[in-house]
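Single-structure report; data block below.
Positions are given from 1, in the same order as the sequence printed here.
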Amino acid sequence: MPFLKHDNGNEKVRIFYQDYGQGDPVILIHGWPLSHQAWEGQIATLIEAGYRVIAYDRRGFGKSSQPLEGYDYSTLATDLRELILHLDLNNVTLVGFSMGGGEVVRYFTDYEGDRVTKAALIASIIPLVAQKDDNPDGVPQKNLDEIMGALKNDRIGFLKGFHENFYNFDELKGEISQASLDYDFSIASHASPIATIKAAEAWATTDFRSELKNIDVPTLIVHGDADNIVPFQTSAQQAAQGIATNEYHLIKDAPHGLTLTHRDELDKLILEFLKK
C-alpha cells in the first residue's frame with residue numbers, strides 16, 4: 001500500500017494515500033472524523049474528467065499512523081507538504097472539506113502556497129468555528145464543550161449519532177441510506193481516540209481570520225445553507241469576504257455532508273472551477 005514516511009520530531013509518521021489517474025493533480029483533504037474514503041464520489045468524478053487525484057488519510061485517521069502528538073494545523077500542513085514533495089507535484093489544486101480547509105489555509109501561511117495554483121474550501125470550518133464577541137454566528141462554547149466531553153466520556157456513543165446531524169438525516173432520508181451512516185460510523189469509530197479529540201480541539205479553537213489574506217490563488221468556496229455542523233455565516237460567508245480571488249456558491253438545503261447528499265451539484269461546481 002502507498003505510504004509517505006517522514007520524520008516528525010521524535011516520531012516517524014506514515015501517511016496513507018491513494019494516487020489515481022493522470023493530468024493536473026488534485027489533492028483531496030478529508031474532514032473530521034473520517035478518512036479519504038469520504039471522497040469516494042468525487043474521486044470517481046475527477047478521474048473520469050481527466051485529473052490526477054491524490055486522496056490521503058490525515059494522521060490518526062484511516063490507515064495512517066496514530067501518533068500521540070501532531071494534530072495542530074501547522075504539523076498537519078507539514079504532512080501535506082511532505083506528500084506534495086514526495087510525489088513531486090506541481091500545478092496542484094488543494095481541496096479541503098470541513099476540517100480539511102484548515103490544512104489548505106495553513107499551507108499558504110507556512111509554505112506560501114508553493115506548487116499550488118488553485119484551492120477549494122468545501123463545507124469548510126474556515127475561518128473560525130467558535131462563537132466570540134466578534135464572531136457572533138459561531139458555535140457557542142457550551143456546545144463545543146459538550147462535544148469534547150462526549151468524545152472523552154463516550155466517543156463511540158457520540159459518533160453513532162453524529163452523522164445523522166452531519167447529513168440532516170431526518171430531512172434528507174431520501175438522499176442518504178442508513179447503510180451510508182453505518183459506513184461513516186465504522187470509519188470514524190476506528191480512528192485513533194487521541195487523534196479524534198486533539199483534531200477536534202484544533203478545528204474548534206484555531207482562528208484563521210488573519211490568514212485568509214495569504215491565499216493568493218483562485219479559490220472555490222462551496223457550502224450548504226442548511227449546514228447544522230458548521231454554519232455558513234461563520235465560515236463560507238466570512239471566507240468569501242477575506243479571500244481576494246474567490247468564487248462562492250451557497251447550495252440550497254444542503255447539509256454539512258453535501259459531498260454525498262448533493263454530489264451532482266457539488267461535482268459540477270468543482271469541475272467547472274478546475275476548467276477555468
Side-chain angles (χ1 to χ4, degrees), residues 1-4 6 15-31 34-58 62 64 76-124 126 211-212 214-223 236 239-240 243-249 251 258-260 262-276:
M1 291 188 291
F3 284 95
L4 160 69
H6 74 99
I15 303 297
F16 176 82
Y17 67 91
Q18 298 282 17
D19 184 358
Y20 300 111
Q22 299 179 350
D24 288 337
V26 179
I27 299 181
L28 302 176
I29 308 169
H30 67 83
L34 297 170
S35 73
H36 81 280
Q37 291 168 289
W39 288 110
E40 181 175 331
Q42 287 67 44
I43 290 171
T45 296
L46 290 166
I47 293 171
E48 184 176 350
Y51 293 94
R52 180 179 177 183
V53 184
I54 299 97
Y56 70 97
D57 291 339
R58 180 181 290 108
S64 290
L76 297 176
T78 297
D79 290 343
L80 171 60
R81 173 66 172 175
E82 292 294 332
L83 181 61
I84 290 172
L85 296 179
H86 175 69
L87 296 175
D88 193 22
L89 302 176
N90 290 286
N91 197 32
V92 175
T93 297
L94 296 180
V95 183
F97 174 80
S98 193
M99 179 181 180
E103 278 103 327
V104 173
V105 176
R106 187 56 56 86
Y107 186 84
F108 279 88
T109 298
D110 290 356
Y111 299 102
E112 299 182 337
D114 183 49
R115 302 189 182 212
V116 175
T117 55
K118 288 185 178 181
L121 304 174
I122 311 299
S124 171
I126 297 302
E211 299 181 41
L212 294 179
N214 298 329
I215 303 180
D216 57 358
V217 299
T219 301
L220 175 67
I221 301 171
V222 183
H223 218 94
I243 297 173
T245 307
N246 77 83
E247 178 181 320
Y248 175 31
H249 298 271
I251 298 181
L258 48 70
T259 50
L260 184 58
H262 290 69
R263 175 186 165 187
D264 290 345
E265 192 169 352
L266 173 62
D267 289 5
K268 180 181 178 182
L269 290 172
I270 293 173
L271 289 179
E272 290 175 347
F273 174 71
L274 290 173
K275 292 173 182 176
K276 293 179 180 179

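Using a 4.5 Å cut-off on side-chain heavy atoms (C-beta onward), Arg52 and Leu87 make contact. Residues Leu80 and Ile84 are in side-chain contact: their nearest non-hydrogen atoms beyond the backbone lie under 4.5 Å apart. Between Asp57 and Gln37, the closest side-chain pair of non-hydrogen atoms is not below 4.5 Å. Inter-residue side-chain proximity for Leu269 and Ile251 is flagged as met; some heavy-atom pair is nearer than 4.5 Å. Considering only heavy atoms from C-beta on, Thr93 stays 4.5 Å or farther from Asp24 through its side chain. Using a 4.5 Å heavy-atom threshold, the side chains of Leu212 and Ile126 count as touching. Side-chain contact check for Val105 versus Asn214: every heavy-atom pair is 4.5 Å or farther apart. Inter-residue side-chain proximity for Tyr20 and Leu46 is flagged as unmet; no heavy-atom pair is nearer than 4.5 Å.
Note that CG of Asp267 is 6.5 Å distant from CG of Leu271, once rounded to the nearest 0.5 Å. We find the CH2-CD1 distance between Trp39 and Ile122 to be 6.0 Å, quoted to the nearest 0.5 Å. Rounding to the nearest 0.5 Å places OG1 of Thr45 at 10.5 Å from CD of Glu40. Taken to the nearest 0.5 Å, the CZ atom of Arg263 stands 10.5 Å off from the CD1 atom of Ile270. Rounding to the nearest 0.5 Å places OG1 of Thr117 at 9.0 Å from CG of Leu94. Atom CZ of Phe3 sits about 11.5 Å away from atom NE2 of His86, to the nearest 0.5 Å.
At a threshold of 4.0 Å, the pair Asp79-Arg58 does not count as salt-bridged, since none of the basic side-chain nitrogens sits closer than that to a carboxylate oxygen.
The side-chain hydrogen bond (donor to acceptor under 3.5 Å, both in side chains) check on Asp88 picks up Arg115, with sequence neighbours excluded.
For the residue pair Gly62 and Ser35, the shortest heavy atom distance occurs at CA-CB, 3.8 Å. Across Leu4 and Tyr17, no two heavy atoms sit closer than the pair N-CE2, 3.7 Å. For the pair Ile221 and Ile243, the tightest heavy-atom approach, listed with the atom from each and the gap, is CD1-CD1, 4.3 Å. Minimum heavy-atom separation, Ala77 to Arg106: CB-CG, 3.9 Å. Pairing each heavy atom of Leu121 with each of Gly101, the nearest pair is CD2-CA, 3.8 Å. Contact detail for Ser124 and Gly96: the closest heavy-atom pair is CB-O, 4.5 Å.
The main-chain N or O of Thr259 is found under 3.5 Å from a side-chain atom of Gln42 such that the two form a donor-acceptor pair. Judged by distance alone, the side chain of Asn246 and the main-chain N or O of Thr219 form no donor-acceptor pair under 3.5 Å. Although no hydrogens or angles enter the test, the distance criterion places no donor-acceptor pair under 3.5 Å between the side chain of Arg81 and the main chain of Tyr111. Side-chain N or O atoms of Lys118 include one that pairs as donor or acceptor with a backbone N or O of Phe273 at under 3.5 Å. Ser64 contributes a side-chain N or O that, together with a main-chain N or O of Phe16, makes up a donor-acceptor pair within less than 3.5 Å.
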- Item | Check against side-chain contact (heavy atoms from CB on, under 4.5 Å), Glu247 and Lys276 | CA-CA 11 Å; Glu247 178 181 320; Lys276 293 179 180 179; 2.7 Å; yes
- Message: Go through it in stages, so that I can follow the logic: the residues are Ile29 and Leu76, the test is side-chain contact (heavy atoms from CB on, under 4.5 Å), and I'd like the CA-CA distance, side-chain angles, deciding distance and then a yes or no.
- Response: CA-CA 11 Å; Ile29 308 169; Leu76 297 176; over 6 Å; no
- Message: Between Asp110 and Thr78, is the side-chain contact (heavy atoms from CB on, under 4.5 Å) condition met? List the steps.
- Response: CA-CA 8 Å; Asp110 290 356; Thr78 297; 5.6 Å; no
- Item | Residues Ile27, Val116; criterion side-chain contact (heavy atoms from CB on, under 4.5 Å); working and verdict | CA-CA 10 Å; Ile27 299 181; Val116 175; over 6 Å; no
